[in-house]
Number of protein chains: 2
Amino acid sequence: MQATGQCLSEATRRSVARPAIHPAPPDALVLLEQFGTTLSVKRDRQIYSQGDEAGCCYKIVSGCVRIVNFTKDGCRQIDQFLMAGDLLGFDALETHDFGSEAVTNVVLRCFPRRAVDKLAESNIALTRRLRDMTAISLRKAHARLIQLDRTSASERVARFLLDMTERLQASRRTVLDLPMSRSDIADHLGLTVETVCRVLAQLCREGAIAIDPADRSRITIRDDMALQQVTSEARH
Amino acid sequence: MQATGQCLSEATRRSVARPAIHPAPPDALVLLEQFGTTLSVKRDRQIYSQGDEAGCCYKIVSGCVRIVNFTKDGCRQIDQFLMAGDLLGFDALETHDFGSEAVTNVVLRCFPRRAVDKLAESNIALTRRLRDMTAISLRKAHARLIQLDRTSASERVARFLLDMTERLQASRRTVLDLPMSRSDIADHLGLTVETVCRVLAQLCREGAIAIDPADRSRITIRDDMALQQVTSEARH
DNA sequence: CGAGCACTTGAAAGATTTCAAGTCCAGTGG
DNA sequence: CCACTGGACTTGAAATCTTTCAAGTGCTCG
């Protein structure tokens, strides 16, 4: 019953950091590649929806994906955004708790869960790898929990921008082309669109960032340090 | 790098629900029992702290445990409370992300991780079980994320009380003896102690609950339905 | 008996949301 | 080609909620 993804980059880093007496062992995940098929999804289309049987795992080849949850009162929440290289659905149980949608046009590599599970049964390294990946996701979920709880709107937005700078590998690490809308950001950070706008405007005024007036999704990080500082301001 | 627990009850339910063509398979976790040693921890003492190497997994025999995290600005957050029967530390990576403390006097069954990992290497059922348990923890972390984000103080407190009613198996499911203090609850729900008090007082006035004036940690659920309703009120 | 601590309650301050209105841009149809 | 409509975004002002600050109660432990 789970449908969240994790950063391959982080997962990979971990496997590389593993004490290597022998030459670095090949990542158990490459074994999956033989089962992969390619899939394209257009912008704003669903990849799977909340409650669907978890038939596949995915790796994002290009584009941006959002993991969404609709509460019974019709409120949308975005659990996370996934970018090229990130993995999706590997920590699912039988069905997907959350849905998943394409933020931009997306290309996916798709792996049938049956094949993954079958392979894992005979390959202890892969099984272990899958477990560790889930543990890493869990850790990230907790990090997010801590981030959201007890942090002000500015802290959330500043941290979001810094995260995106890292993950989007912006041209010179300063110009961000955010693939998601303001309301996506709002639903991700647990704020309203208006608050997100106001905070961005405020950061502009303070000179920490600049918003391209012609394309508002293009944001320049002017003062990395100022953002970091906003991130760690005590609240209330 | 993880240090959170999960409910055995939920995990068990799942393994029971597993399609059983053969007579229900014994829970792979009972295999661990042979390695178990018993450990007592006094009230308010640490079981392990943030950053400790994750040397052991635990099962709580009796008492209540809190999983705590201290942010760099000195704020305490309680990720979750664990009760008798719950498991602790099984989804850890190398070290514990969060610390763990005894809320009441606690008795634990302690399993060395080396033994667990060793056993898992030769027992695919156990490995799979550990992975599923981690996935279940992840699911719960997400549930909590959703609960905290975008919910009002009354919703949080009401949901907390309902959860506790279930988990503490109160005498006639109506009288709760909360093992944790108001400030524990506050740090768990991301509120201040004052807000928790005020919401409890409010629920009292509305007749949903009653607080024993002689022992304020004893709370009677007077109107289950009213609490459920508070839980699902839209906010803001 | 006094100190300390957990808990409670009140009032003011602060933050974010809600409501309302306006701007800008892209795509559409005349 | 241009006006027009809708949607995303922005901004202002009032309303709402929670926190912060302050003070008081009651109980437990020396």
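Worth knowing before you read on, the calculation uses all heavy atoms, side chains too, and leaves out hydrogens, waters and symmetry mates. Convention: sequence-line order gives letters A, B, ...; per-chain numbering from 1.
You'll find a donor-acceptor pair under 3.5 Å spanning the side chain of R198(A) and the base of dT18(C), going by distance alone.
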For this session: With salt bridge (charged side-chain N to carboxylate O under 4.0 Å, His left out) as the test, would you mind laying out the steps for R66(B) and D79(B) before giving the verdict?
Result: CA-CA 7 Å; R66(B) 63 182 170 242; D79(B) 183 63; over 6 Å; no
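Residue-level contact check: L191(A) touches the backbone only, with heavy atoms under 4.0 Å from sugar-phosphate atoms and none from bases.
The side chain of E194(A) sits closest to dC19(C) out of dT10(D), dC7(C), dC19(C). Between dT19(D), dT17(C), dT10(D), one nucleotide has an atom nearer to the side chain of R182(A) than all others, and that is dT10(D). Set against dT19(D), dT11(D), dT9(C), the side chain of C197(A) has dT11(D) as its closest nucleotide. For S181(A), taking side-chain heavy atoms from C-beta onward, the closest of the listed nucleotides dT19(D), dC9(D), dT9(C) is dC9(D).
Taking only side-chain nitrogens and oxygens, T195(B) never comes nearer than 4.0 Å to OP1 or OP2 of dT18(D).
Under a cut-off of 6.0 angstrom, the local environment of CD in Q229(B) is sparse, with at most 12 non-hydrogen atoms contributed by other residues, nucleotides or ligands.
If you find the closest nucleotide of DNA chain C to R216(A) and to G190(A), the one lying nearer the 5' end belongs to G190(A).
Interface residues of residues 202-212 of chain A facing DNA chain C, ordered by number: none; criterion, heavy-atom separation under 4.0 Å.
When rounded to the nearest whole Å, the span between CG of L200(B) and P of dT18(D) equals 13 Å. Rounded to whole Å, atom C1' of dC7(C) lies 14 Å from atom CG of L178(B).
A donor-acceptor contact under 3.5 angstrom links the side chains of N69(B) and Q50(B), judged on distance only. Using modelled atom types and a 3.5 Å distance limit, the side chains of T134(A) and S137(A) yield no donor-acceptor pair.
The CG atom of D177(A) sits 9.5 Å away from the CD1 atom of I219(A) when rounded to the nearest 0.5 Å.
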